[in-house]
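Everything below concerns the one structure shown next.
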There are 2 protein chains.
Amino acid sequence: MSQSHPANRPSTMESLSCACSVCSMALNCLCKDLDAVLKTQLENEVLRNRVVNRGQALFEIGDTFQRLYAVRSGSVKVYSLIDNGEEQVMGFYLPGELLGLEAIDQGVHECSAVALETSSICEVKFKRLEQLCSVQPALQQRLHRLYAREIARDYAMLQLLGRKSAEQRLANFLLHLSRRFADRGYSAEEFNLSMSRHEIGNYLGLALETVSRLLARFQEQKLIEVKRRHVRLLKRQALAVVAGEPLNPVVRHHYH
Amino acid sequence: MSQSHPANRPSTMESLSCACSVCSMALNCLCKDLDAVLKTQLENEVLRNRVVNRGQALFEIGDTFQRLYAVRSGSVKVYSLIDNGEEQVMGFYLPGELLGLEAIDQGVHECSAVALETSSICEVKFKRLEQLCSVQPALQQRLHRLYAREIARDYAMLQLLGRKSAEQRLANFLLHLSRRFADRGYSAEEFNLSMSRHEIGNYLGLALETVSRLLARFQEQKLIEVKRRHVRLLKRQALAVVAGEPLNPVVRHHYH
DNA sequence: CGTACTATTGAGCGCTCTCAAAACCAGTGG
DNA sequence: CCACTGGTTTTGAGAGCGCTCAATAGTACG
């Protein structure tokens, strides 16, 4: 996901503000149309920018919960550890997506989050956010919807893991990625995977070999072109059929 | 789940209040320790009791979202429909558990909810709840934690579906049910399933025949006794091993 | 150019699904 | 009381998907 992005240009010094319209849709979702005073408050007191390199952690399992994190550019992997110490990938986060919600209940992070590539991250102090919510119902509602969206995401994932074949899971994964890129102004047809086959397989409940084989099969069938991390979708309709999606695609309103 | 319960006695007329301490833990979580005025407000303006019979719906897919629902007695199945029109069971809800959160994002229910047996349900007007949250930070925090708990639940489920064998899934399911019963003051060792093998299988991503076979196998191994819907856990330690749970329950590693 | 990592490809096997039949159970009506 | 019906559960047999193990190939980087 090395698509060029304003935040990657080292010269643009954006400090704490969230002016970049392409990224930080999650934050836009929080900030947009708020009255100017509150917006300034948010940007000055709550938000903080940070750049992390590939492999660096935003937070780790056991860290006390203090902040939510919005991806501004790059991508992030969130995973937990299961009994034997193995990773379980819970999700990949693209620009505009919010992570860290899983820690709110216990006050301790249940997952770790590491950057899959050099990424720009906007940190949100949760305590302050809650305080602002009290005086600003609009903000509160948006936060509720962010929770709800996470829950909806998980529900979709449960369906995927519970009922779908390896083929369907991977097709779904590609289409979902594609839509998220498109929503953010990147190409829907052509993109780079920032995660390995192993991580994809882990996320989808498949062996990495299965992921590799299926990508090869999709390519044979002329549904996609794939070379290492680079993917191009050739026939999204056909891919959607493979994914077992209804033909008239449900238009999901991902943001706002 | 036909355990006797105060709310099942037809004579006890409890009206709108949530005095019953055994059930409505979710609501207790909301109400408890709040100042008396607010508590009364909650109980009078927000909550409403209702009895539903087996097979009756609390809400259905497409209904506009207005309320959250807390199970007071009985049990509820929440499911969505997938492309071909088949059910996908998203969860079973026991007394004290809260459902309906999935609808907040879109304002429309993504799932249907039906009673698995005659059940007593407490309905919560969400709009009013949000209003009260604005003036009462403590309430707001509790609501946040309820969201977060739902997310945590989904995460656990994702691990189950993604990485675990049929055997592990079912053992987990039984233990999880058992713990929830115990938390509510019912027997942890002996209970009735209010859901069919088909529904269990659907929930766990297994064929109903597999569920049946595994229950039989657990019985052969003297881990449980099972006759139709009635289950008795004989060796929960051994069952926990089968489930792949860590023996010394969760020592958290604090890195750095 | 060598090392370490990632990805591809092949072979074989086992878990879980599907299909099918029979047993069991509850409710209904003769 | 029994036969009948519809639903649920059990049990069996066979097949296939996806896993594991293993070897090879490709890529990045010092």
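Within every chain, numbering begins at 1; the chains are lettered A, B, ... in the order of the sequence lines, protein sequences first and strands thereafter.
- Taking the side chain of E209(A) as heavy atoms from C-beta on, and the options dT20(D), dT18(C), dT9(D), the nearest nucleotide is dT20(D).
- In this structure, R163(A) places its CZ atom 13 Å from C1' of dT16(C), rounding to the nearest Å.
- When the nucleotides dG10(C), dT10(D), dT16(C) are ranked by their closest atom to the side chain of A166(B), dT16(C) comes out on top.
- Nearest-nucleotide positions on DNA chain D for K164(A) and R228(A) put K164(A) closer to the 5' end.
- dT10(D) atom P lies 10 Å from atom CD1 of I200(B), rounded to whole Å.
- dT9(D) atom P lies 9 Å from atom CG of L193(B), rounded to whole Å.
- H109(B) and E102(B) form a side-chain donor-acceptor contact under 3.5 Å, judged by distance and modelled atom types alone.
- Residue contacts for L208(B): at a heavy-atom cut-off of 4.0 Å it reaches a base atom on one of the strands shown.
- The 12-atom threshold is exceeded at CZ of R50(A), counting heavy atoms of other residues, nucleotides or ligands nearer than 6.0 Å.
- Of the candidates dC19(D), dT8(D), dT6(C), the closest approach to any side-chain atom of R213(A) belongs to dC19(D).
- Residue contacts for G205(A): at a heavy-atom cut-off of 4.0 Å it reaches the sugar-phosphate backbone alone, with no base atom in range.
- Taking a 6.0 Å sphere around CZ of R229(B), one finds it holds more than 12 heavy atoms contributed by other residues, nucleotides or ligands.
- Distances from the side chain of S165(A) to the nucleotides dC19(C), dG18(D), dC17(C) place dG18(D) closest.
- Rounded to whole Å, atom P of dT16(C) lies 8 Å from atom CZ of R169(B).
- If you take CZ of R54(A) and C1' of dT6(C), they are 10 Å apart, rounded to a whole angstrom.
- Judged by distance alone, the side chains of H230(A) and E225(A) never bring a donor and an acceptor atom under 3.5 Å apart.
- Within the structure, a side-chain polar atom (N or O) of R197(A) is placed less than 4.0 Å from OP1 or OP2 of dT8(C).
- Rounding to whole angstrom units, CG of residue L206(A) and P of dT16(C) are separated by 15 Å.
- Using a 4.0 Å heavy-atom cutoff across all strands shown, R229(B) reaches sugar-phosphate atoms only and no base atom.
- We find that CD of E117(A) is positioned 17 Å from C1' of dA28(D), with the value rounded to whole Å.
- Heavy-atom minimum distance, R169(A) versus L161(A): NH2-O, 3.3 Å.
- We find that CG of L215(A) is positioned 14 Å from P of dG18(D), with the value rounded to whole Å.
- Side-chain nitrogen and oxygen atoms of T210(B) include at least one within less than 4.0 Å of the OP1 or OP2 phosphate oxygen of dC17(C).
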